[in-house]
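Atoms within a ligand are numbered from 1 in the order they appear, just like the ligands themselves. The figures here come from the full heavy-atom set of this structure, side chains too, leaving out hydrogens, waters and symmetry mates.
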Amino acid sequence: MASTDTLPPLPAADRKAPFAGDPIAFVGSFPDPRTRLDPPRPEIAFIGRSNVGKSSLLNALTGRKGLARVSATPGKTQAMNVFRLPACYLVDLPGYGFAKAGKAARAAYRKLVERCLHERPHLTGVVWLLDIRHPPSDDDLDFQALLVASGRPVLVVLTKADKLGRSAVRTRTRELAHALGLGEEDVQPVSSETRLGIAELGAAITAAVRGAEAS
Ligand code: GTP
Ligand code: MG
């Protein structure tokens, strides 16, 4: 039986992937955070805990299933995976906080992300992902500090919203925003399954890219 708390289907226009109409090319997988991309374009990076849904979100935004590798095994993405769109690059970064990776690998991941944040001149925005079901982990708070220190504009998204009912999404959004010291309007619940929030995130990315082009 369908729960009354189930999210209603989105209008067809909102279900379309924001970048579905764009040609997209996989540029490569780069372990060196200083790798320059040619031609230079604004870059949008995706950062979050391992398994939080980064690759799935990229696929939802671009309407390409399997563009970024989706895995139930955490720690799959180990370098910057770069995708070229007409207006920008999307950069899928390694997930942090993967316990089994070992101390050295974890430190290397952190360094890669930190250096991306500080050393990529065209990095225009960061999409930071947190799982809507869990309070921010120590790793999340550590990376929040890195993000704040970098001064880069950050779009905060709460992933896997389809795993909760509608009122729980609202409550968790409020609680997580509070835990992060942010306003409720500063965090966007998303689902790569139901496409909740995908159109809004696409619009925010497009606005960030346009802002970078204009400046
Ligand atoms: P790493 O690259 O290993 O850091 O993981 P990732 O952050 O790229 O996560 P990925 O997209 O590979 O997804 C991890 C798991 O979560 C997979 O089993 C996905 O199917 C699942 N998943 C991702 N997004 C969603 C979502 O919106 N809803 C649900 N229900 N599951 C999701
Ligand atoms: Mg991934």
Side-chain angles (χ1 to χ4, degrees), residues 3 5-10 14-19 24 26-31 33 43-83 89-102 105-114 116-117 126-134 136-137 139-140 142-144 146-147 154-166 168-169 172-173 176 187-202:
S3 153
D5 209 23
T6 305
L7 291 167
L10 292 166
D14 291 342
R15 280 203 301 268
K16 218 175 138 249
F19 304 116
I24 299 175
F26 174 61
V27 180
S29 201
F30 305 104
E43 299 170 10
I44 304 286
F46 291 73
I47 297 181
R49 198 189 164 92
S50 183
N51 214 37
V52 73
K54 293 177 297 299
S55 300
S56 303
L57 189 61
L58 270 166
N59 293 343
L61 285 165
T62 58
R64 267 73 156 190
K65 270 210 159 102
L67 176 77
R69 258 169 45 178
V70 176
S71 165
T73 317
K76 272 264 174 192
T77 317
Q78 307 215 347
M80 301 189 298
N81 285 319
V82 179
F83 302 90
Y89 292 100
L90 302 180
V91 181
D92 188 11
L93 284 168
Y96 53 78
F98 177 42
K100 283 198 196 139
R106 287 167 63 112
Y109 289 172
R110 189 179 188 279
K111 196 81 213 153
L112 173 66
V113 171
E114 189 176 17
C116 275
L117 289 175
V126 178
V127 180
W128 183 37
L129 299 83
L130 296 117
D131 190 317
I132 196 164
R133 297 167 298 170
H134 308 301
S137 65
D139 282 315
D140 287 325
D142 176 36
F143 275 78
Q144 184 180 28
L146 288 188
L147 287 166
V154 179
L155 303 166
V156 184
V157 300
L158 308 179
T159 63
K160 310 193 185 184
D162 58 281
K163 301 252 193 190
L164 300 179
R166 197 184 347 189
V169 166
R172 293 295 304 146
T173 300
L176 269 160
V187 298
Q188 171 73 55
V190 297
S191 166
S192 300
E193 296 278 326
T194 62
R195 315 194 55 76
L196 174 84
I198 300 295
E200 289 83 348
L201 177 60

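- The shortest non-hydrogen separation linking Leu196 to Ala161 is CD2-CB, 3.6 Å.
- For the pair Val190 and ligand 1, the shortest N or O to N or O distance does not fall below 3.5 Å.
- Using a 3.5 Å distance cut-off with no hydrogens or angles, the side chains of Asp140 and Ser137 do pair a donor with an acceptor.
- Here Ser55 meets the criterion, with an N, O or S atom under 2.8 Å of the Mg ion (ligand 2).
- Not one N or O of Asp92 is nearer than 3.5 Å to an N or O of ligand 1, by distance alone.
- Per-residue contacts place Gly95 under 4.0 angstrom from the following atoms of ligand 1 (heavy atoms of the residue considered): 4 (O).
- Less than 4.0 angstrom separates some heavy atom of Ser192 from each of these atoms of ligand 1: 26 (C), 27 (O).
- By the salt bridge (charged side-chain N to carboxylate O under 4.0 Å, His left out) test, Arg64 is found to be paired with no residue, residues two or more places apart in sequence or in another chain being considered.
- Listed by number with element, the atoms of ligand 1 under 4.0 Å from a non-hydrogen atom of Ser191 are 27 (O).
- Scored by the salt bridge (charged side-chain N to carboxylate O under 4.0 Å, His left out) test, Arg110 finds Glu114, Asp142 as partners (sequence neighbours excluded).
- With rounding to the nearest 0.5 Å, the separation of OH in Tyr96 from CG in Leu146 is 9.5 Å.
- Close approach of ligand 1 to Glu193 is summarised as follows: ligand atoms under 4.0 Å from at least one heavy atom of the residue are 26 (C), 27 (O), 28 (N), 29 (C), 30 (N).
- Pairing each heavy atom of Ala60 with each of Arg195, the nearest pair is O-NH2, 2.8 Å.
- The closest non-hydrogen atom to atom 15 (C) of ligand 1, taken over Asn51, Val52, Asp162, comes from Asn51.
- Applying the 4.0 Å criterion to heavy atoms of Ser56 picks out, from ligand 1, the atoms 10 (P), 11 (O), 13 (O), 19 (C), 23 (C), 24 (N).
- At a cut-off of 3.5 Å, with distance as the only test, a side-chain donor of Ser55 or Asp92 sits close to an acceptor on the other residue.
- The nearest non-hydrogen atom to atom 21 (C) of ligand 1, considering only Arg49, Lys160, Lys54, comes from Lys160.
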